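Atoms within a ligand are numbered from 1 in the order they appear, just like the ligands themselves. If you're wondering where the values come from, they're calculated on a predicted model, not measured in any experiment.
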Amino acid sequence: MRRTPSALALAALTLAATTASMLTTSIANAADPIVIKFSHVVAENTPKGLMANKFKALIAERMGDKVLVEVYPNSQLFGDDNVLEAMQLGDVQLAAPALSKFSRYTDLIALYDLPFLFEDLDAVDRFQQSEQGQAMLDAMKKKGLIGLGYLHNGMKQLSSSQPLRVPEDARGLKFRIMASPVLEAQFKALDAAPLKKPFSEVFTLLQTRAIDGQENTWSNIYSKKFHEVQPYITETNHGLLDYMVVSSNEFWNGLPDDVRADVKAALDESLAYGNQIARDKADEDRQAIIDSKRSEVIELTPEQRAQWVQIMKPVWKQFEKEIGAELIEAAYATNQQ
Ligand code: LMR
């Protein structure tokens, strides 16, 4: 094709403009911060919600030019049922699911669901900080997930449409559970009907009486207003609801070394903060529920509690092979240390 001088000049100009724009784009990309999307399912005024916001604030303050944390609470971005798949696909970089929600990825973490295993959060801390507890953070590495730390919520209570004082009171009732085979076995031991449902559906299921009850911490019950649709909460402290903060191997190991170290330091600091909040909130939210007068908090006598232990504890045996008797023993021993 024959070009006139002016057409040539125009082509050269267009080429120059395109090159300049490509350069600008690549410079902008290089300067763009690394985005960490942190997805969770609870309200912001909870140990996990506050921990996530603290992490966001620390990163903004210390590394705002390099890293941007976006927090998505209340199942806004992903729910329990799809967040880990989304993480493997690179659609979310951080999450802190309850330990009960990893059963599709490892048998080991089911340890934490065994009823009446830990007496209190001090025992949980001792176990999590032990060599065995720390090794469990790597239990899902082969599945592409890396554990970065533990976070407490607290001990679980049983809420219900009927007063639960002894195990027979739960017989035949429908309870929502997290997706965990141990929790399923625990409610089956009571002759109750466990239903695995995402956290985001629990309030409506309770409100419409599609289910009779659920197990959760004081903080989750209060922040999601379960106590407004459940007239009774039995203070059983029968199990633990804790979290593991996870990322994908690909994202985490792909971070520049210095960035990874600084992000980890901010995360550790936020976890310490969240763990302290968990301890304070359990008492505060329990009291707020009592003060609301929407739900009666039932305290068990030692004899009544012993009956729940007697019915639920045999569940340990069912999972001894998958989890390992030694690990169960080591965890239980932390109550005496
Ligand atoms: C639940 O599903 O009940 C909890 O795991 C929610 C949470 O993240 O605390």
ask   = Taking S160 for the side chain and P163 for the main chain, is one N or O donor matched with an acceptor at less than 3.5 Å?
value = no
Residue, atom name and distance, where the atom is the protein heavy atom closest to [atom]:
atom: atom 9 (O) of ligand 1; value: Y243 OH, 2.4 Å
atom: atom 4 (C) of ligand 1; value: K101 NZ, 3.5 Å
atom: atom 8 (O) of ligand 1; value: K48 NZ, 2.7 Å

query = Less than 3.5 Å between some nitrogen or oxygen of R176 and one of ligand 1, yes or no?
reply = yes
message = Within the 3.5 Å criterion, strictly below it, is a donor on D242 or Q128 matched to an acceptor on the partner's side chain?
response = yes
Atoms of ligand 1 less than 4.0 Å from [X] heavy atoms?
X: A98; value: 5 (O)
X: V42; value: 6 (C), 7 (C), 8 (O), 9 (O)
X: N220; value: 4 (C), 6 (C), 7 (C), 9 (O)

ask   = Under a 4.0 Å heavy-atom limit, does V202 contact ligand 1 with its side chain, its backbone, both, or neither?
value =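 Neither; nothing of V202 gets under 4.0 Å from ligand 1.
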request  = Measure the shortest side-chain to side-chain distance between N74 and V41 over non-hydrogen atoms and say whether it is less than 4.5 angstrom.
outcome  =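 Heavy-atom side-chain distance check fails, nothing below 4.5 Å.
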request  = For F55, check ring-ring contact (aromatic ring centres under 6.0 Å, His included) against everything at least two apart and list the hits.
outcome  =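 Per chain and number, F55 pairs via ring-ring contact (aromatic ring centres under 6.0 Å, His included) with no residue.
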remark   = So ring pair (Phe, Tyr, Trp, His ring centres under 6.0 Å) across residues 164-213, not counting sequence neighbours, yields F175-F187, F199-F226
Check: F116 ring centre within less than 6.0 Å of W316 ring centre = no
